[in-house]
2 protein chains.
Amino acid sequence: MNSATRQRIVMTALELFYEKGFNSTSIADILSRSQVHSGSLYHFFPGKQDLLVAVLEFYRDGIRENLLDIAWVNVDDPIEKIFALLNGYRTGLLMSDYRHGCPIGNLALEISEPDPRIRDLLQINFTNWIGAIEQCLDQAGGRLPQGTDKRALAEFILTTMEGAIMQARTAQDISVFDRNVGVLRAHIDLLTEKAKERS
Amino acid sequence: MNSATRQRIVMTALELFYEKGFNSTSIADILSRSQVHSGSLYHFFPGKQDLLVAVLEFYRDGIRENLLDIAWVNVDDPIEKIFALLNGYRTGLLMSDYRHGCPIGNLALEISEPDPRIRDLLQINFTNWIGAIEQCLDQAGGRLPQGTDKRALAEFILTTMEGAIMQARTAQDISVFDRNVGVLRAHIDLLTEKAKERS
DNA sequence: GTCTATAACGTGATAGAC
DNA sequence: GTCTATCACGTTATAGAC
């Protein structure tokens, strides 16, 4: 079930979907980059959609070790964890010359009529990301005003990330990303200031 | 140059790109829905990319009358104009059963290697939108703290809109859109409160 | 499980009469 | 400018030997 070939296929598909999008990636692209032959691929995956499912499952299962743990190395403060994660996407943009944004976000906008498996997997990936941020906000506990809706704020942080990436990619200019994150930082600062006043 | 046929082709392409995306829309789709024959289409447009250019030019040239004027009917307050515009996208999501997000945002994420014409047109469409919001913020003048970077805030509002749409579409749930707009509203309220303190 | 060969289809695009 | 017919190609997917 998890042969080396299968893994290579999934990782290659992941890369290509990330760089070019799902529709613009052909099976032939995947075959040539992964050095696998058509028969092998179709042995593991009935069709292209199933390949996408496998990729989304990989993201879902690896969010901790492939994303969060890497971004949070040497970062302890829960608020700074949030900005460290955003900074990871910033680095991805720069390193890839604006080809790599957020893999889930790209797919979420590209797939207009997803089959239910795919829609659910996109959603669970977003939900897990939001959940991780919400945990940070919970840990930041008293620094936020009483009654702050931490779930809504976590969703808003995802929103900021996705929107900032979209604009930076289009402009091919990181400064718009930085300004967006700056406004988010300003908002969180206003919240922490407000929390201090009360105490 | 602007025959009825040409217009019908452009409007049909606009609709289909909006609903299904650029790559997932075939020339055949456009021909059948617009009731035009292949020869006519290729008479006006050398290729599919040129059709996208025409669509993006239509958005660029019509932002005032097709978007802003409609959203701002009976809305005078500059801050409320911002939320009225966001509410227009909310309505679009609901009316289309989450198929219609932001046409520019969708294309911006879908087109991974745009030719320069297309990238420039995506960018100018974003810039015009941001500029309209910035004008609102300028009009709201003294209600914001001195030294507020209104351009950055306008970019951030676009970010909020795009991210909120992305999440609402994926979840097929308008409440996440509303919560995102709610956090944006809270941020702007905090800014106006802060401006009042000073005076 | 892996390989080669190829089928079946949809795609963007063209030719040429009218 | 519009129409029909069709090409050349790339696509997903399959067949069948090994």
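Order of the sequence lines sets the chain letters (A, B, ...), proteins ahead of strands, with each chain counted from 1.
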Would you please say whether a donor-acceptor pair under 3.5 Å links the side chains of B:D29 and B:S26? yes
Assess, by modelled atom type and distance only, whether the side chains of B:R179 and B:S175 contain a donor and an acceptor separated by less than 3.5 Å. yes
Can you check the [X] [atom1] to [N] [atom2] distance for me, whole Å?
| X | N | atom1 | atom2 | answer |
| --- | --- | --- | --- | --- |
| B:H37 | C:dA15 | NE2 | C1' | 17 Å |
| B:F44 | D:dT2 | CZ | C1' | 9 Å |
| B:Q7 | D:dG1 | CD | P | 13 Å |
| B:I9 | C:dG12 | CD1 | C1' | 15 Å |
| B:Q35 | D:dC3 | CD | C1' | 14 Å |
| A:D50 | D:dT12 | CG | P | 13 Å |
| A:Q49 | D:dT11 | CD | C1' | 15 Å |
| A:L41 | C:dT4 | CG | P | 15 Å |

Checking side chain to side chain contact (heavy atoms under 4.5 Å, CB included) for the pair A:Q167/B:I130: CA distance, chi angles, key distance, verdict? CA-CA 11 Å; A:Q167 285 186 66; B:I130 292 166; 3.5 Å; yes
Side-chain N or O of A:H43 versus OP1/OP2 of C:dT2: is the shortest distance under 4.0 Å? no
DNA chain D: A:K48 or B:T5, which has the more 5' nearest nucleotide? B:T5
Apply the test ring pair (Phe, Tyr, Trp, His ring centres under 6.0 Å) to residues A:F156 and B:F156: give CA-CA distance (whole Å), side-chain angles for both, the deciding distance (0.1 Å), then the verdict. CA-CA 11 Å; A:F156 188 73; B:F156 188 74; 5.6 Å; yes
Assess the residue pair B:R64 and B:D69 against the criterion (side chain to side chain contact (heavy atoms under 4.5 Å, CB included)); give the C-alpha distance rounded to whole Å, side-chain angles, the decisive distance to 0.1 Å, and a yes or no. CA-CA 6 Å; B:R64 181 64 50 182; B:D69 285 352; 3.5 Å; yes
For the student: nearest non-hydrogen atoms of B:L52 and B:F22, plus distance: CB-CE1, 3.7 Å
Please report the closest heavy-atom contact between A:C136 and A:K81, naming both atoms and the distance. SG-CB, 3.9 Å
OH/A:Y18 to CG/A:L14 distance, rounded to the nearest 0.5 angstrom? 9.0 Å
Taking atom CD1 of B:I111 and atom CG of B:N23, what is their separation to the nearest 0.5 Å? 5.5 Å
Identify the pairs formed between an N or O of the protein and an N or O of nucleotides 14-18 of chain D at a distance under 3.5 Å, and give each distance.
| from | atom 1 | to | atom 2 | distance (Å) |
| --- | --- | --- | --- | --- |
| D:dT14 | O4 | A:S38 | OG | 2.5 |

Going by number, which of residues 17-33 of chain A have a non-hydrogen atom under 4.0 Å from DNA chain C? none
